[in-house]
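See structure below.
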Amino acid sequence: MYGANSLLEGLNPEQLRAVTLPNQSALILAGAGSGKTRVLTTRIAWLIQTGQVLPHGLLAVTFTNKAAREMLTRISALLPINTRGMWVGTFHGLCNRLLRAHFRDAGLPQTFQILDSADQLSLVKRLLKAMNVDDDKYPPKEVQYFINANKEAGRRASQVEIGTEFDGRLVELFTAYDAQCNREGVVDFAELLLRCFELLSRNEVLRAHYQRRFSHILVDEFQDTNRLQYRWLKTLAGQANAIFAVGDDDQSIYAFRGANTRNMAEFEREFARGQVIKLEQNYRSHGNILDAANALIRHNTARLGKNLWTAEGKGEALSYYEATSDAEEARFIVDEVRGLKREGVALTDVAILYRSNAQSRALEHALFTSGLSYRVYGGLRFFERQEIKHALAYLRLLANPEDDNALLRVINVPTRGIGARSLEQLQDVSRAQGVSLWQAACGTSLGGKAGAGVATFVRLVEQLKAGSEHLSLPQTVDHIIKASGLLAMYENDKDGQDRIDNLSELITAATVFAEDPVATLAMDEEGNVVVQENADPDGLVVLNNFLAHASLEAGEHQAGEGQDALQLMTVHSAKGLEFHTVFVTGLEEGLFPHENSLNDADGTEEERRLMYVALTRARRRLYLTAAQTRMLHGQMRYNIASRFIDEVPSELIRRLTPPPTFTRGGFAPSGNASPAPARGGFGSGPVTQPDPQSPWRIGQGVSHPKFGYGVIVSAEGRGDDARLQVNFREVGMKWLALQYAKLTPA
DNA sequence: ATTAGTGGTGTTTTT
DNA sequence: CACCACTAAT
C-alpha cells in the first residue's frame, strides 16, 4: 500500500518490526533517543491507515501532559485525520474523563473537584486537628504518604493489613480522610485512579463497553507505571485487546511515587509472552556521550539489559569542571554559555539541569546578572501561586460549595473579620450536625461580630454565583476576581502588581481554555464524545473542566514561551527532552546522588538512572559540574565530587578544573561574593567555639579505616564530646565521635 | 481580630 | 533560608 510505505520509510528494522507488529501485546524496550515517540506515533498512524482500527478505538496513555500533546501533534503530522475520537492523555487525565462521564456510577457528585498535593496535605492537617491526633507522632506528610501509597497499591483503608497499633491509627485516619473527601465531593490524584479502576472492575456493563471500544491500547513510559495503573490497564484490556507498551527500565525515576519496574517483567510474562523488541540504536547523541551513559548505567544490577549504540562519530569529550563554590560553578556556566552563543548555538537548545529545584537560585542569580535570558521550568507553577489558588477557590465554591478546603482558603480573604475563633465555632457546628462548613455557615446564625462576617461571606458567594450566570468562562473568572475583592486587596498591596498580572493571566488562560473545543465537548453515558449544544446553560460543565485542568496541569503554561532562552530544570522534568548542550550541575555526594537515597541500594540505583537520564539528554556537548562548597539550609556545606563522575571512564572526560588552591583548611573559597569568615575549629554555630589547636577543620579531607575517604562537613561539641559529621565517598554521611573514631587527616 | 515578631524545624524528585 | 506555628502587642 502506497501510503503505508511512505509512513514506514526510514525506520530501522527493529522500529519497523515494532510499528507493524500484528494485533497482539508487545513490550518495546526503547533506549534513550532510540525513536520511541516516533515508533509510538507511527504505530498509531499505521494501524489507522491500514484500516485495522478507527481513531475511536485507540487509547494512548502517557505520564505527562506535555507528552500527550506531543503525541497528538505528531500523529496529526503523519495523518490528515481528525484525532478527536482517540483518547490520548495521562493516566490521571483519562481517569478524570471517565469519572466525569460516569460520575453517578462512580458515586461522585457531578461537580467533584480534584485536590492537588498541597490541598490534600491541608485536608490531612485539618483532619489531624479535628481528631485530636498528635502530629509529632503522626506527621501530616507521612499520613499523606501512607494514604497515597496504599491507594496506589490498589488498597482501600479496609484492605490495609494492620500490624501494629501505630498502623491501626493510620488506618483510622485513612478511613476518616476518605469519608471527609466523600462528604466534600473531592478526590485526590491517587483517588482518581483508584476510583476509576473500581468503577471499571465493578461495573460490568461499562467495562464491556470500553473493552469493546478500545481494541488498541498504547502505553508510553511504561517503566513509570505503578501497581494500580498496571491493574487499570489490565482491566481495560480484558482478554482480547492488545497493549503496546513502550518503556526503558534504565529511565525509571519515579519509584518514589510508586512506580514499579517489576511491572515490565510481569507484563512480559502476562501479556507480551516473549514478544519483546529492543530499540538500541540511538539517533540523538554522539558516541562519547553514549559511551559515558552506558558505562555509568552498567553499575546498576537490576536491569533488563540493553546497550545503546550510534552510527555517528565519537564527537567531543565530556567536560568536567569542579568549582570552589556554587556561585563559581554558576559563573563558569555563564562563561561557557556565552561562548556557545557566539558559536551560534540557540539558547533554547542549551539546558542546565540540577537534582533539586532549590539549586536553581544560585544559577538564576548568575544568569540574571549576566543578562542572558533564561527560563526556569518547574518550581512554583502557575496554578499553584497563592493568588491563583485564591481565585480558583472562589470558582470552586461556585461549582461545589461543599468543598471545605476551598471555603477555608478564602473565607477570610480579603479579611472580613473571621478569625480563628469564628472558624472554630463554624467547625463545631459542622461537626455536630454532620454538614459541610458551607451549610454550617448558611444555616446557623452565629452571634455578634463573627456572625456578621460569616453572613457577609455567604452573601458574597451567593452574589458571585448569581452574578456569573449566563457569563462565559473567562467572564466568570474576571467577575469573581473583581467582585470577591481579591483584585482590590492586591491593588492595596504595594508589591501586589505581580499577583495582579497573574490574575489577569488567569483570565487569559480561561479564554484559551474556553476556545479549545475539547473543553466544550462532553460525553454521553456510554462514553462517546458528543458535541453539546445547549447542555451547559449555566456554564457549570466548562467551569468544572477548567478547574480539573488547573489541578491536573498545574502549570505548563508559563510566560516567555517563544523566546530564545536558556532552559533550567530538574533532571526529572528533562526526561523526554533533548538539547544540543547539557550542563549537569551539582554533581556532589549528598546532592546527586541525594543523601536521602543513599541508605538502600535501590535508592542509589534510582539516582544512577536519574544521572543516566541527565547524560542522555545531550546531543553534542555535555558538561558535568560540581561545587566544593554550597549554601544549603542557610549554611555552608562542603561536598566531595559525586561518585557518578568516577563511574564515567576518565578517557571520555576532559578535566577543566585548575588544581584546588586554598579551599581546604577551613577557609571559604575565593570567588565567593560573600566570603565566610575563616573557621578555626569545629562547626560554625554559636554553641561551638573554634579551637585553633585542633587539626580538624570543616572541609578537611579525612580517611577512616572502614569507611575510606571523606570530608568533614560539620561538627558539634568539644573535647571528649566532639562529634564530626563526615561525608564519605563510599558510604555517605556519618556522624563520628572523635574520641573513638580512628580518623587520620588525608 | 490582626499583625508583627519569634523560635523551632526541616527540605528530592511530581502526576 | 524559608516556612510553619505560636505568642505578644496593637
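Computed over heavy atoms, backbone and side chain alike; hydrogens, waters and symmetry mates excluded. These numbers come from a predicted model, not from an experiment. Chain letters run A, B, ... following the sequence lines, proteins first, then strands; residues in each count from 1.
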*Quick one: does A/Gln144's side chain have a donor or acceptor within less than 3.5 Å of a partner on A/Ser117's backbone?*
yes
*When you compare C/dA5 with B/dT12, how far apart are their C1' atoms, in angstrom units rounded to a whole number?*
25 Å
*A/Glu589 versus A/Asn639, closest heavy-atom pair with distance*: O-OD1, 3.8 Å
_Nucleotide nearest A/Arg381 (side chain, heavy atoms from C-beta), chosen from B/dT13, B/dT3, B/dT15_ = B/dT15
*Tell me whether the OP1 or OP2 atom of B/dT13 has a side-chain N or O from A/Asn357 closer than 4.0 Å.*
yes
_Regarding B/dT11, can its base be found pairing with the side chain of A/His633 as donor and acceptor, where the two atoms are less than 3.5 Å apart?_
yes
_Under 4.0 angstrom between A/Lys575 side-chain N/O and B/dT14 OP1 or OP2_ = no
*Select one nucleotide: of C/dA2, B/dT2, B/dA1, the one nearest the side-chain heavy atoms of A/Arg421.*
B/dA1
*asked:* Heavy atoms only, 4.0 Å cut-off, all strands: where does A/Phe592 land among base, sugar-phosphate and nothing?
replied: nothing
*Where does the angle between the aromatic ring planes of A/Phe146 and A/Phe174 fall among parallel (under 30°), tilted (30 to 60°) and perpendicular (over 60°)?*
perpendicular
*Could you tell me the separation between the CH2 atom of A/Trp232 and the C1' atom of B/dT15, rounded to a whole number of Å?*
14 Å
*Can the ring centres of A/Phe222 and A/Phe267 be said to be less than 6.0 Å apart?*
yes
*Is the base of B/dT15 touched by the side chain of A/His92 through a donor-acceptor pair closer than 3.5 angstrom?*
yes
*Using the ring-ring contact (aromatic ring centres under 6.0 Å, His included) rule, take A/His572 and A/Tyr254 through it: C-alpha gap first, then chi angles, then the decisive distance, then the call.*
CA-CA 9 Å; A/His572 280 90; A/Tyr254 286 107; 5.3 Å; yes
*Could you tell me whether the phosphate oxygens of B/dT12, OP1 or OP2, come under 4.0 Å of any side-chain nitrogen or oxygen in A/Arg257?*
no
*So what does A/Ser117 hit on the nucleic acid, given a heavy-atom distance under 4.0 Å: a base, only sugar-phosphate, or nothing?*
base
*May I ask you to say what A/Phe63 touches in the nucleic acid, namely base, sugar-phosphate or nothing, with a heavy-atom cut-off under 4.0 Å?*
sugar-phosphate
*Nucleotide nearest A/Ser422 when distance is taken to its side chain, options B/dT11, C/dA2, B/dA1*: B/dA1
*Let me know the distance between CZ of A/Phe222 and P of B/dT15, rounded to the nearest Å.*
20 Å
*Where the side chain of A/Asn412 is concerned, which of B/dT11, B/dT14, B/dT2 is the nearest nucleotide?*
B/dT2
_Nucleotide nearest A/Thr570 when distance is taken to its side chain, options B/dT2, B/dT13, B/dT11_ = B/dT13
*Check whether any side-chain nitrogen or oxygen of A/Asn148 sits under 4.0 Å from OP1 or OP2 of B/dT15, and answer yes or no.*
no
